[in-house]
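Okay, structure first, notes after.
Note that ligands are numbered from 1 as they come in the structure, with each ligand's atoms numbered from 1 the same way. All values below come from the heavy atoms of this structure, side chains included, with hydrogens, waters and symmetry mates left out.
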Amino acid sequence: MLNWMDSLKGRSLMRMTSFTDEEMLNLIDLAAQLKARRHAGVRGDLLRRKQIALIFEKSSTRTRNSSQIAARDEGGDAEYLTRPDIHFGKKESVKDTARVLGRIYDGILFRGFSQKTCEELQEWSGVPVWNGLTDAYHPTQILADLLTIKETFGSLKDVTVAYVGDGRNNVANSLMMGCAKAGVRYVCCAPASLRPDDAVLAEAEEVAKRNGVDVRVFEDPVQGVKGANVLYTDVWVSMGEEDKTAERIKLLKPYQINMDLMRATGNIDGKLMFLHCLPAFHDFNTDVTKESGALEVTDEVFESKYSKVFDESENRMHTIKALFVSALCDRASI
Ligand code: CP
Ligand code: NVA
């Protein structure tokens, strides 16, 4: 028996605050149920005849494939549309494209640069729109992160997440709010120039307070990670910022997650895990790291028993499926 909230029917996800705390937690539970169902070999029809447009302005491995397979697993389908494929924002405005695609598809997942584009799609398409990453937010990622923490530790209670690196990027912004909503303590370790934006931080602090936890920001990563149960990092240069590569590598080198930093949590023999949204520069095997070696995380940590990055990555599919099912499925439960 799968249960979801009627209130999620037809809903869009622009950012973590699009759902109430309860709706967010419920969605994570639904994803866990859908995961168990898939692992039991069930390929159902909860999304039968549902058609989803995937508009991608930026590259993706996880979000694209998770969305396509989530839809197909349950009898629906998803069409991958990149900028060169459609007139989007060039020969045709976002508003017109939204109105065209909204009459063809049952939902739209968007990955791109501007948060405003995502919101315009939502405003004009008339169908649910899910934010699959913009420069500002990455909410579908954080649903998977919270599911991974919950299934690894058994609960989201009494957990401290320390995010180390670029503290004001899309993942960091959404993770900070996701933790606040889930009642998870959040610590951001970042250099002064990359600390969270004041308004984004203030909003998360208010939500955290309501849920009995706090949000803290440290410049010194060794100080900041003390007592943390989850060390989380992301790339130092997000998509669209490639011109900043050299300066970021210099600035963020002291923020690399290595075994010394894992030990600095004081939890090396206890409740501790490493998470990364991926892709990660942890070895010499990419174009970027051929010469530099590991950047935001060492191979030792990435390949260690603490690392849950592939559970996290798998959970992208189950959580995206939960979003699609809760918004589009015609049945209240099965
Ligand atoms: N974590 C994540 O969003 O990965 P992709 O860029 O591969 O979709
Ligand atoms: N902050 C990264 C996340 C990638 C999933 C980026 O925007 O490139």
Side-chain angles (χ1 to χ4, degrees), residues 13-16 31 52 54-71 78 80-83 108-115 117-118 130-149 163-178 188-191 194-197 200 230 232-245 248-249 251-252 255 257 274-282 285-289 295-297 302 307-321 323-324:
L13 176 67
M14 293 292 106
R15 44 186 299 209
M16 295 314 291
I52 295 166
L54 307 175
I55 305 179
F56 277 56
E57 298 179 321
K58 293 176 176 172
S59 311
S60 167
T61 299
R62 280 142 288 270
T63 311
R64 172 192 175 167
N65 287 287
S66 295
S67 303
Q68 282 181 316
I69 301 308
Y80 181 62
L81 305 166
T82 66
R83 270 211 181 241
I108 299 172
L109 187 135
F110 171 74
R111 162 167 293 199
F113 296 89
S114 164
Q115 179 70 15
T117 308
C118 197
W130 305 282
N131 178 354
L133 181 147
T134 60
D135 290 346
Y137 302 111
H138 196 4
T140 62
Q141 175 67 49
I142 280 42
L143 297 175
D145 301 338
L146 292 172
L147 173 59
T148 310
I149 295 170
Y163 175 93
V164 185
D166 177 359
R168 38 98 279 173
N169 75 8
N170 41 19
V171 169
N173 287 343
S174 292
L175 183 65
M176 181 162 66
M177 180 54 84
C188 174
C189 304
L194 294 175
R195 58 177 274 129
D197 172 81
V200 178
V230 181
Y232 193 124
T233 191
D234 183 11
V235 289
W236 289 343
V237 181
S238 288
M239 289 180 274
E241 299 183 318
E242 288 74 10
D243 58 325
K244 296 189 168 70
T245 303
R248 285 284 174 77
I249 291 178
L251 181 66
L252 287 167
Y255 294 83
I257 297 190
F274 169 72
L275 292 180
H276 190 310
C277 56
L278 304 183
F281 292 125
H282 62 94
N285 297 330
T286 72
D287 286 351
V288 175
T289 50
L295 296 178
E296 72 273 8
V297 56
F302 189 90
S307 177
K308 300 290 173 202
V309 296
F310 295 107
D311 292 329
E312 183 186 11
S313 146
E314 178 190 333
N315 286 340
R316 294 300 309 286
M317 196 199 62
H318 306 299
T319 44
I320 287 177
K321 191 187 281 179
L323 268 179
F324 292 170

Heavy-atom contacts under 4.0 Å between Asn170 and ligand 2: side chain, backbone, both, or neither? side chain
Going from CG on Asp234 to SG on Cys277, what distance comes out if it is rounded to the nearest 0.5 angstrom? 3.5 Å
May I ask you to say whether Arg316 pairs ionically with Asp311, meaning some side-chain N is under 4.0 Å from a carboxylate O? no
Measure the acute angle between the ring planes of Phe302 and Phe310, then classify it against the limits of 30° and 60° as parallel, tilted or perpendicular. perpendicular
I'd like to check whether [X] has a polar contact with ligand 2, where a contact means an N/O of the residue lying under 3.5 Å from an N/O of the ligand.
X	value
Asp234	yes
His138	no
Leu278	no

Cationic tip of Lys308 within the cone over Phe274's six-membered ring, i.e. under 6.0 Å and within 45° of the normal? no
Please say whether the positively charged group of Arg64, taken as NZ for Lys or CZ for Arg, lies over the ring of Tyr80, i.e. under 6.0 angstrom from the six-membered ring centre and within 45 degrees of the axis. yes
Considering non-hydrogen atoms only, spot the tightest contact between Tyr255 and Cys189 and give its length. CD2-O, 3.6 Å
So which atom in Asp135 and which in Met239 form the shortest heavy-atom distance, rounded to 0.1 Å? OD1-O, 4.3 Å
Provide, to 0.1 Å, the distance between atom 8 (O) of ligand 2 and the closest protein heavy atom, together with that atom's residue and name. Met239 N, 2.8 Å
Could you find the nearest protein heavy atom to atom 4 (C) of ligand 2 and give me its residue, atom name and distance? Leu133 CD1, 3.9 Å
Could you check whether Thr148 and Glu312, counting side-chain N and O atoms only, form a donor-acceptor pair closer than 3.5 Å? no
Using distance alone, with no hydrogens and no angle criterion, decide if Tyr137 and Asn131 have a side-chain donor and acceptor under 3.5 Å apart. no
May I ask whether Asp166 has any heavy atom positioned less than 4.0 angstrom from an atom of ligand 2? no
Show the atoms of ligand 2 that are less than 4.0 angstrom away from any heavy atom in Asn169. 1 (N)
Ligand-side contact atoms (ligand 2) for residue partner Ser238, heavy atom cut-off under 4.0 Å: 1 (N), 2 (C), 6 (C), 7 (O), 8 (O)
Applying salt bridge (Lys or Arg N to Asp or Glu O under 4.0 Å), which residue pairs with at least one partner in residues 164-173 are found, sequence neighbours left out? Asp166-Arg168, Asp166-Arg248, Arg168-Glu241
Can you give me a line-by-line list of nitrogen or oxygen pairs between ligand 1 and the protein shorter than 3.5 Å?
unit_1	atom_1	unit_2	atom_2	d
ligand 1	1 (N)	Gln141	OE1	2.9
ligand 1	1 (N)	Cys277	O	2.9
ligand 1	1 (N)	Leu278	O	2.9
ligand 1	1 (N)	Arg316	NH1	3.4
ligand 1	3 (O)	Thr63	OG1	3.1
ligand 1	3 (O)	Arg111	NH2	2.9
ligand 1	3 (O)	His138	NE2	2.9
ligand 1	3 (O)	Arg316	NH1	3.1
ligand 1	4 (O)	Arg62	NE	2.8
ligand 1	4 (O)	Leu278	O	3.4
ligand 1	6 (O)	Arg111	NH1	2.8
ligand 1	7 (O)	Thr61	N	2.6
ligand 1	7 (O)	Arg62	N	2.8
ligand 1	7 (O)	Arg62	NE	3.1
ligand 1	7 (O)	Arg62	NH2	3.0
ligand 1	8 (O)	Ser60	OG	2.6
ligand 1	8 (O)	Arg62	N	3.4
ligand 1	8 (O)	Thr63	N	2.9
ligand 1	8 (O)	Thr63	OG1	2.7
ligand 1	8 (O)	Arg111	NH1	3.4
ligand 1	8 (O)	Arg111	NH2	3.2

